[in-house]
Visitor: 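Provided herewith is a single structure, encoded as structure tokens, for subsequent inquiry.
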Amino acid sequence: MSQGLPDRSNDFSAWYTQIVNRAGLADYGPVKGTMVIKPYGYQLWENIREIFDKMIKDTGHVNAYFPLFIPKSFLAKEAEHVEGFAKECAVVTHTRLKSDDLKGVVVDPESKLEEEIIVRPTSETVIWSMYKKWIQSHRDLPVLINQWANVVRWEMRTRLFLRTSEFLWQEGHTAHSTPEEAEQETLDILELYRELAEDYLAIPVFTGLKTDSEKFAGAERTYCIEAMMGDKRALQAGTSHNLGQNFAKAFDVTFQTKDNKEEFVWATSWGISTRLIGAVILTHGDDKGLRLPPRIAPIQLVIIPIAKNEEEKDLKNYLEPITAALKKSKIRVYEDWTNNSPGFKFNEWEMKGVPLRMEVGPRDIKEQKVVLARRDEKGKLSIPKDDVIDNVQRLLDNIQLKLITQARDFRDKNTHIVKEYDDFKSIISKGGFVRCGWDGNSETEAKIKQDTKATIRCIPFDEDPKELTCVLTGHKAKHEVIFARAY
RNA sequence: CGGAGCGUGGCGCAGCCCGGUAGCGCACCACAAUGGGGUUGUGGGGGUCGCAAGUUCAAAUCUUGUCGCUCCGACCA
């Protein structure tokens, strides 16, 4: 399409790769599958992080940091947990190199470790080894800790933001004295995730429970938020796990109750990652590039000055109070004085997804006006310069609202209620979500996955399976579920 | 690890079949003009054609080997 971007409706994945690159978000690092997050992409992450960090602090959580390295033996303590992560761990076996005449540098065999070290794929095990020391009494509970960190999962096939060997995330790890409290925590966090996705990222999500085959390795129950991307595939955007007493038992973490009994503590863990940035791109992007929701956009308003060399000084004077006022109103604003043509800049900033653009040139100075253009709509608006702040604020709010509305309409239009397996197959092959009955049998689930590549994204909270039959077997449905092909 | 394809300035590619001076677009540097939807002009820098061996007067091009990458399957926030 324009700017030589690949046609989005034809080759969604080529389009995605180009956008990530050309909008200046990220690139692959030298080690295969690793990601470099460039400044513009990182600012996006910082904005998301700041919003969620405030949410969890407001709900009584605190931040801490645990080590990157985990003794290999820790991973084996929880049976399902090893099972889930063993195949994708980076392992440290030696502690130094030495120079070699032929090969330059080699691993020094003398430095081999007694016990190998795992680079964390997730931190449950280190954290619970510490909780054992910290928790003795019900008075020590709950423990509500979050950490912002990187984790490593040695993925075979990677894609920027969606799946890389190393990624940034937050992981919360809480300990409670009752199962009810742990369950409540799990659900409360899921609600924060929903709020983050919908109210800030403008991504509508389904909330619900994962099936046993899709749940986190070591969890009793996994809840998730699931979103539909622009190509109608599903993306898991966040998960919240009720770990029951699994990790407490594995790491022998007990506490004394009020009536002096000893009990294992109840645990949760939950996480969202830089994958959310991928979700934003895949949800809101269009033929011209990225579209960023104003509430997380690193730049909310870009100003394009239009002036000949000799007019530059006048223009700077004209703009100075306007920009100052915008900054004072906490609007993230940037003046682009680079030496490109205006048309080039328009396209450039549209690609980068900036929600609002202001054009200012000699014409506007004469009329004491500015021109505003929305990223999500055609047309331009000429307004008096004294009305800039009001208009900018109003338009940003409006764009935020429009993005979520558009995304929700798209998702709803492509979510189908289905009874027959033939309909199921035809919809899945064209792309989209299917709501249908499921007999609760994991073999049924596996069969459908094999047939169609679709998986159960979640058992939605608002399910109503009473009248339903299983889409594959025709047996009485145990649950109403949402099926889709996923990233 | 199975199936397909690709390695030529920073990026994207042509040249290879039929051996003979390494080319194009973009990007980059300099100067000038231009500036309200990817703006021109002029000049300039940068590549032992993935690597190795072979055939030949001569190899980006032919032969053999080797290494690397991408895409599709099994794994996955």
Side-chain angles (χ1 to χ4, degrees), chain A residues 1-6 11 13-14 17-18 21-22 27-28 30 32-33 35 83-89 120-123 149-159 161-171 193 210 213-217 219 222 224-227 234-241 269-279 288-289 303-312 315 336-351 357-367 369-373 378-380 382 449-450 453 455 457 486-487:
Chain A
M1 289 295 295
S2 49
Q3 301 89 38
L5 282 174
D11 193 345
S13 124
T17 310
Q18 287 262 320
N21 216 307
R22 291 173 60 182
D27 204 347
Y28 284 108
K32 198 181 160 182
M35 175 170 59
E83 188 75 10
F85 289 105
K87 279 180 265 177
E88 51 184 33
C89 279
R120 62 178 168 221
T122 178
S123 300
N150 58 336
V151 287
V152 168
R153 297 181 189 177
W154 214 265
E155 300 288 355
M156 294 171 154
R157 295 184 58 186
T158 57
R159 184 170 237 183
F161 289 118
L162 299 179
R163 180 165 301 108
T164 46
S165 307
E166 179 192 1
F167 57 91
L168 304 183
W169 74 349
Q170 66 64 219
E171 46 179 329
Y193 286 164
K210 284 284 184 196
S213 71
E214 297 277 330
K215 71 172 196 206
F216 176 75
T222 289
C224 63
I225 54 173
E226 288 284 332
L235 185 81
Q236 178 174 307
T239 46
S240 183
H241 317 290
S269 75
W270 26 276
I272 47 171
S273 71
T274 38
R275 173 179 259 200
L276 285 177
I277 295 174
K288 290 174 170 177
I303 300 179
I304 312 291
I306 300 160
K308 300 182 183 175
N309 289 338
E310 65 271 19
E311 297 164 342
E312 244 182 47
L315 191 53
D336 182 0
W337 283 97
T338 59
N339 202 19
N340 293 311
S341 72
F344 182 91
K345 291 179 191 172
F346 297 164
N347 285 288
E348 169 100 344
W349 289 107
E350 277 164 2
M351 168 108 64
R357 178 179 76 232
M358 184 189 292
E359 303 168 19
V360 188
R363 255 188 248 160
D364 306 292
I365 300 182
K366 203 183 295 165
E367 299 169 21
K369 287 186 165 180
V370 302
V371 170
L372 289 177
K378 285 190 169 174
K380 299 178 186 185
S382 184
K449 182 176 178 181
Q450 206 185 2
K453 292 183 189 161
T455 49
R457 305 318 303 157
Y487 272 96

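Numbers restart at 1 for each chain; the letters A, B, ... are given by sequence-line order, proteins then strands. All values derive from a computational prediction rather than experimental measurement. We use all heavy atoms of the structure for the numbers below, so side chains are in, but hydrogens, waters and symmetry mates are not.
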Visitor: Under the side chain to side chain contact (heavy atoms under 4.5 Å, CB included) test, which residues partner A:Thr17, sequence neighbours left out?
Guide: none
Visitor: Quick one: side-chain hydrogen bond (donor to acceptor under 3.5 Å, both in side chains) partners of A:Trp154, sequence neighbours excluded?
Guide: none
Visitor: Looking at CG of A:Asn21 and OH of A:Tyr28, how far apart are the two atoms once the value is rounded to the nearest 0.5 Å?
Guide: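 So the CG of A:Asn21 and the OH of A:Tyr28 are separated by 10.0 Å.
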Visitor: So A:Ser269, base contact, sugar-phosphate only, or nothing? Heavy-atom distance under 4.0 Å.
Guide: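 Touches nothing.
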Visitor: Who are the side-chain hydrogen bond (donor to acceptor under 3.5 Å, both in side chains) partners of A:Glu155, not counting sequence neighbours?
Guide: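 With neighbours one apart ignored, the set is empty.
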Visitor: What protein N or O atoms touch nucleotides 28-35 of chain B N or O atoms at under 3.5 angstrom, if any, and at what distances?
Guide:
residue, atom, partner, partner atom, Å
B:G35, O6, A:Asn309, N, 3.4
B:G35, O6, A:Asn309, OD1, 2.8
B:G35, N2, A:Asn340, O, 3.4

Visitor: So what does A:Glu359 hit on the nucleic acid, given a heavy-atom distance under 4.0 Å: a base, only sugar-phosphate, or nothing?
Guide: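 Base contact - A:Glu359 has a heavy atom under 4.0 Å of at least one base atom.
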Visitor: Give A:Val371 one of three labels, base, sugar-phosphate or nothing, depending on what nucleic acid heavy atoms sit under 4.0 Å from its own.
Guide: base
Visitor: Mind checking salt bridge (charged side-chain N to carboxylate O under 4.0 Å, His left out) for A:Glu359 and listing every partner two or more places apart, or none if nothing turns up?
Guide: A:Arg357, A:Lys380
Visitor: Counting only heavy atoms not in A:Glu310, do more than 12 fall under 6.0 Å of its CD?
Guide: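 More than 12 within 6.0 Å, yes.
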Visitor: Reading RNA chain B from 5' onward, which residue's closest nucleotide shows up sooner: A:Glu348 or A:Lys32?
Guide: A:Glu348
Visitor: Kindly state whether the pair A:Phe167 / B:A77 counts as stacked, where counting means centroids closer than 5.5 Å and planes tilted less than 30° apart.
Guide: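 Here A:Phe167 meets both the 5.5 Å and the 30° conditions.
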Visitor: With A:Arg457, which residues qualify under side-chain hydrogen bond (donor to acceptor under 3.5 Å, both in side chains), at least two apart?
Guide: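 If we apply the side-chain hydrogen bond (donor to acceptor under 3.5 Å, both in side chains) test to A:Arg457, skipping adjacent residues, the hits are A:Glu226, A:Thr455.
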Visitor: Rounded to whole angstrom units, what separation is found between the CG atom of A:Asp27 and the C1' atom of B:G10?
Guide: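 Value for this atom pair: 12 Å.
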Visitor: Round to a whole Å and report the spacing from CD of A:Gln18 to P of B:C26.
Guide: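 From A:Gln18 CD to B:C26 P: 17 Å.
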Visitor: Taking only residues two or more places apart in sequence, or in another chain, which ones meet A:Thr164 in a side chain to side chain contact (heavy atoms under 4.5 Å, CB included)?
Guide: A:Met35, A:Phe167
Visitor: With a 4.5 Å heavy-atom cut-off, do A:Lys288 and A:Asn347 have their side chains touching?
Guide: no
Visitor: Run the salt bridge (charged side-chain N to carboxylate O under 4.0 Å, His left out) test against A:Lys369 and tell me which residues pass, sequence neighbours left out.
Guide: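 Once residues adjacent in sequence are excluded, A:Lys369 has no partner under the salt bridge (charged side-chain N to carboxylate O under 4.0 Å, His left out) criterion.
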Visitor: Whole angstroms only, please: what is the CD1-C1' distance between A:Ile272 and B:A77?
Guide: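 About 11 Å, once rounded to whole Å.
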Visitor: Identify, between A:Glu166 and A:Ala373, the residue whose nearest nucleotide on RNA chain B lies closer to the 5' end.
Guide: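 It is A:Ala373, whose closest nucleotide lies nearer the 5' terminus.
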Visitor: Whole angstrom is fine here: how far is it from CZ in A:Phe344 over to P in B:G36?
Guide: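 Checked: the CZ to P distance equals 14 Å.
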Visitor: Within this structure, what is the CD-to-P distance between A:Glu88 and B:C75, rounded to whole angstrom?
Guide: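 Atom-to-atom, A:Glu88 to B:C75, this comes out as 12 Å.
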Visitor: I need the CD-C1' distance between A:Glu214 and B:C75, as an integer number of Å.
Guide: 12 Å
Visitor: Identify whether any heavy atom of A:Lys378 sits under 4.0 Å from a base atom; if not, whether one sits that close to sugar-phosphate; answer base, sugar-phosphate or nothing.
Guide: nothing
Visitor: Taking only the side-chain heavy atoms of A:Glu155 (C-beta and beyond), determine which of B:G37, B:A77, B:U70 contains the nearest atom.
Guide: B:A77
Visitor: For RNA chain B, just give me the dot-bracket, please: Watson-Crick or G-U, both distances below 3.5 Å, ( ) intra-strand, [ ] crossing earlier pairs, | paired with another strand, . unpaired.
Guide: ((((((((.[[[[.)....(..]]]].((((((.....)))))).....[[[[[..)....]]]]])))))))....
Visitor: Look at all strands and tell whether A:Leu162 reaches a base, only sugar-phosphate, or nothing, counting heavy atoms closer than 4.0 Å.
Guide: base
Visitor: Using nucleotides 41-43 of chain B, report all nitrogen or oxygen pairs with the protein that are shorter than 3.5 Å.
Guide:
none

Visitor: Not counting sequence neighbours, which residues clear ring-ring contact (aromatic ring centres under 6.0 Å, His included) with A:Tyr193? List them please.
Guide: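 In terms of ring-ring contact (aromatic ring centres under 6.0 Å, His included), with neighbours along the sequence ignored, A:Tyr193 is linked to A:Phe52.
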Visitor: The side chain of A:Lys453 is closest to which nucleotide in this list: B:U70, B:G37, B:G73?
Guide: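 The answer is B:G73.
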Visitor: To the side chain of A:Met156, which of B:G37, B:A77, B:A74 is closest?
Guide: B:A74
Visitor: Quick one: A:Tyr28 OH to B:C11 C1', roughly how many Å, whole number?
Guide: 17 Å
Visitor: Just call it for A:Arg159: base, sugar-phosphate, or nothing, with non-hydrogen atoms closer than 4.0 Å on any strand.
Guide: nothing
Visitor: In whole angstroms, how far is the P atom of B:U39 from the CG atom of A:Asn347?
Guide: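 Between P of B:U39 and CG of A:Asn347: 9 Å.
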Visitor: Using a cut-off of 4.0 Å on non-hydrogen atoms, how would the nucleic acid contact of A:Gly271 be classed: base, sugar-phosphate, or nothing?
Guide: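 A:Gly271: no heavy atom of the nucleic acid under 4.0 Å.
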Visitor: What do you reckon, is CD of A:Glu312 surrounded by more than 12 foreign heavy atoms closer than 6.0 Å?
Guide: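 Yes, CD of A:Glu312 has more than 12 neighbouring heavy atoms, counting only those of other groups under 6.0 Å.
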Visitor: Sequence neighbours excluded, which residues qualify as side-chain hydrogen bond (donor to acceptor under 3.5 Å, both in side chains) partners of A:Thr274?
Guide: none
